[in-house]
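Sequence positions, counted from 1, serve as the residue numbers for this chain.
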Amino acid sequence: MAKTTKQTVIDSGPTTIVTPIIDEKTSDAVGFFVAELRMDYIKKRIKIIDPNASFRLYDEHGAILLATNELRPSQQTVTVHLNHAPWAIEANVPSISTKQKMQMALPYILSLIVFIHIIWLFVQYWLLKRQATMERIETEAQKLELVGTLAASTAHEIRNPLAGIKGFIQLLSEKHKDNESQLYFSVIQNEITRINDIVNEFLILGKPTAQKLETCDLNYIVQSIHPMIESQAHLHNVAYTFQRADVPLPIRCSKDHLKQVVLNLAKNAIEAMPHGGKLTISLTKQNDWAVLQVTDNGCGIPDDVKHKLFQPFVTSKQAGTGLGLVICKRIIDMHEGTIDIHSIEKEGTTIIVRLPLRQEVE
């Protein structure tokens, strides 16, 4: 057989394809592979895929081998020549009407509307939550302001007769020296001292007065009250540790107010460990902040009290006034600082106070 018969021959009549089988050693044709295309089957499958589309299959002479539907004028007609056969395929997809486009876009439009609605609901929920938070903060501020106004208007009136009562009790205690009378006078003196402390706390809750601020080292402020905290800790069988910062911590403050904050926090920590424990007060520098940390391993704060710790008269102690932490926060706010409380019930509490640093110590 001549070598000129090696290429595939396609018969346009019954659409038969004949391909010679070539021997690789001799390069001669040793046989033929004959295949017949089922144009009717192909036509049915094309109609199933897209019933509205028009397809034409032309041979090398331009004769139609396969046709589906009628050709329609359209800008979407594509003609492609095949690589391994002298045929060409022409496809004509009908133009999509406006109604069809709307039907196709409708699911996407509905999805977009639902998505926008969800976003709108989320924004509304966030705004309502923010408004509720702002109203709650405003209510707490009004409550604190009311307490402060009441304290400012009555504290001095209470302290004046209280001082008189205390003086007369001291005179009576000097006149009556028997043990029973001294016991009664001691109880009265302790209660008068307690009333005086509560009045002092109410005074701080009032509108802030002009305070003399000076630049001081926070290390020095805490160090100055270290003996007082140490004695109280020793009295309650609490191991007390104080850790100074490695560098100066200059802050603009009222020393007496900050001492009261540290004493209140230390007192709360010691009272949270009635059977003894460990109290640690540490000072560090973090960027532009002086950080005071008070840590104990006491009973912790109950979960139902955590979210309202800084509200007046909220306390978990039987003999507490619920004003200690409120006063601490008021003083820290006056010094443009922050106070955070982290507590786990039956494990302990950590209170972190941050105060802005100044450039140098006076």
Side-chain angles (χ1 to χ4, degrees), residues 201 216-251 253-311 314-357:
E201 290 180 344
C216 301
D217 190 345
L218 186 58
N219 287 302
Y220 166 76
I221 295 175
V222 180
Q223 184 72 48
S224 65
I225 58 175
H226 171 71
M228 300 173 58
I229 300 174
E230 190 174 33
S231 62
Q232 287 295 317
H234 180 73
L235 184 64
H236 292 81
N237 195 29
V238 172
Y240 168 56
T241 304
F242 171 53
Q243 300 173 356
R244 290 174 55 97
D246 298 333
V247 295
L249 300 175
I251 58 174
C253 65
S254 169
K255 289 190 294 186
D256 292 337
H257 278 168
L258 283 187
K259 288 179 181 179
Q260 184 174 0
V261 169
V262 179
L263 287 173
N264 279 348
L265 297 180
K267 177 174 173 287
N268 288 343
I270 292 173
E271 291 177 351
M273 299 179 285
H275 305 294
K278 183 178 180 181
L279 168 64
T280 301
I281 297 180
S282 62
L283 295 171
T284 56
K285 177 182 178 183
Q286 294 181 1
N287 298 326
D288 296 330
W289 296 90
V291 180
L292 166 70
Q293 184 168 307
V294 180
T295 305
D296 67 73
N297 59 350
C299 59
I301 301 173
D303 293 334
D304 59 336
V305 180
K306 286 181 181 178
H307 66 282
K308 47 185 179 180
L309 282 175
F310 298 113
Q311 297 180 14
V314 174
T315 180
S316 59
K317 303 175 186 176
Q318 295 181 353
T321 62
L323 296 175
L325 286 177
V326 179
I327 292 170
C328 289
K329 189 174 190 310
R330 186 65 174 264
I331 294 174
I332 296 301
D333 290 343
M334 288 167 55
H335 289 78
E336 300 179 351
T338 63
I339 179 170
D340 298 304
I341 299 178
H342 307 280
S343 181
I344 301 177
E345 198 167 0
K346 297 181 181 180
E347 292 189 16
T349 302
T350 298
I351 300 178
I352 301 174
V353 176
R354 293 181 174 86
L355 296 167
L357 288 170

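Atom CD of E345 is surrounded by more than 12 heavy atoms from other residues, nucleotides or ligands within 6.0 Å.
Between V222 and L258, the closest side-chain pair of non-hydrogen atoms is not below 4.5 Å. You'll find the side chain of K259 reaches within 4.5 Å of the side chain of I221, heavy atoms only. Put simply, the side chain of I344 does not reach to within 4.5 Å of the side chain of T349, judged on heavy atoms. Here the side chains of I341 and T350 are not in contact, with every heavy-atom distance at 4.5 Å or above. Contact check for L357 versus L249: side-chain heavy atoms found under the 4.5 Å cut-off. With a 4.5 Å cut-off on side-chain heavy atoms, I352 and V291 count as touching.
With hydrogens and angles disregarded, a donor-acceptor distance shorter than 3.5 Å links the side chain of H236 to the backbone of Q232. H335 places a side-chain N or O within donor-acceptor distance of the main-chain N or O of I331, the cut-off being under 3.5 Å.
Atoms NZ and CE, from K267 and M228 in turn, are 12.0 Å apart once rounded to the nearest 0.5 Å. Atom CD of Q223 sits about 11.5 Å away from atom CG of L218, to the nearest 0.5 Å. To the nearest 0.5 angstrom, I339 atom CD1 is 8.5 Å from K329 atom NZ. Atom CG of D296 and atom OG1 of T280 lie 9.0 Å apart (nearest 0.5 Å). Residue I229 holds its CD1 atom at 7.0 Å from CD1 of I270, rounded to the nearest 0.5 Å. A distance of 10.5 Å separates CG in L265 from CD in Q260, rounded to the nearest 0.5 Å.
Taking both residues in full, the closest heavy atoms of G300 and P302 are given as O-CD, 3.9 Å, listed atom of the first, atom of the second, then distance. Of all non-hydrogen atoms in A290 and I251, the two that sit nearest each other are CB-CG2, 4.0 Å. Counting all heavy atoms, side chain and backbone alike, R244 lies closest to Y220 at NH1-N, 4.5 Å. Considering all non-hydrogen atoms of both residues, V238 and G276 come closest at CG2-CA, 4.3 Å.
Under 4.0 Å is where a charged nitrogen must lie from a carboxylate oxygen, and between R354 and D340 at least one such pair does.
No option in L279, L283, I225 other than L283 meets the side-chain contact (heavy atoms from CB on, under 4.5 Å) test with F242.
Side-chain polar atoms of H226 and Y240 form a donor-acceptor pair below 3.5 angstrom.
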